[in-house]
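All figures in this text were calculated on a predicted structure; none of them were measured in a lab.
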Amino acid sequence: MSTTATYTVSGMTCSHCVASVREEVGKVDGVTGVDVELATGTVTIESDGPVDPGDVSAAVEEAGYEVTAS
């Protein structure tokens with residue numbers, strides 16, 4: 001069962017930011033796809049099932065940014 005979740009991330013300003021967030025969030029167990037929209041700060045995650053929002057927030061923080069809404 002595929003699941004989609006959307007988060008808003010603050011602090012991203014360039015394509016390097018997008019790549020960093022995509023890479024770190026992509027490492028979260030169960031995540032099968034990550035789409036990052038720089039203009040809106042929207043991060044959409046596809047996964048095999050529900051993913052712990054805390055794991056996603058931790059991955060975003062590892063990349064140097066902050067989840068402001070989920």
Review point. Do the side-chain N and O atoms of Glu46 and Thr4 include a donor-acceptor pair separated by under 3.5 angstrom?
Key: yes
Practice item. Kindly determine whether Val43 and Asp35 satisfy side-chain contact (heavy atoms from CB on, under 4.5 Å), including the steps that lead there. Key: CA-CA 6 Å; Val43 177; Asp35 182 49; over 6 Å; no
Review point. Roughly how far, to the nearest 0.5 Å, is CD of Glu62 from OG of Ser57?
Key: 13.0 Å
Revision key, fill the gap. d(Asp48 CG, Thr3 OG1) to nearest 0.5 Å is 8.0 Å
**Study point:** Heavy-atom closest pair, residues Tyr7 and Val51
**Key:** OH-O, 4.4 Å
Exercise for review: Identify the heavy atoms of Val25 and Val60 that sit nearest to each other, and give their distance.
Suggested key: CG2-CG2, 3.8 Å
Check your understanding: In Å and rounded to the nearest 0.5 Å, what is the NE2 to CG distance from His16 to Leu38?
Key -> 13.0 Å
Check your understanding: Closest approach of Gly11 and Cys17, non-hydrogen atoms and distance?
Key -> O-SG, 4.4 Å
Point to revise | Which atom of Val28 lies closest to which atom of Ala59, heavy atoms considered | key: CG2-CB, 3.8 Å
Point to revise | Separation of Arg22 CZ from Lys27 NZ (nearest 0.5 Å) | key: 14.0 Å
Exercise for review: Determine the minimum heavy-atom distance between Thr68 and Ser10, stating which atoms define it.
Suggested key: CG2-OG, 3.4 Å
Exercise for review: Find out whether Asp29 and Asp55 are in side-chain contact, i.e. whether some heavy atom of one side chain is under 4.5 Å from a heavy atom of the other.
Suggested key: no
Review point. Does the side chain of Thr42 reach to within under 4.5 Å of the side chain of Thr6, using non-hydrogen atoms?
Key: yes
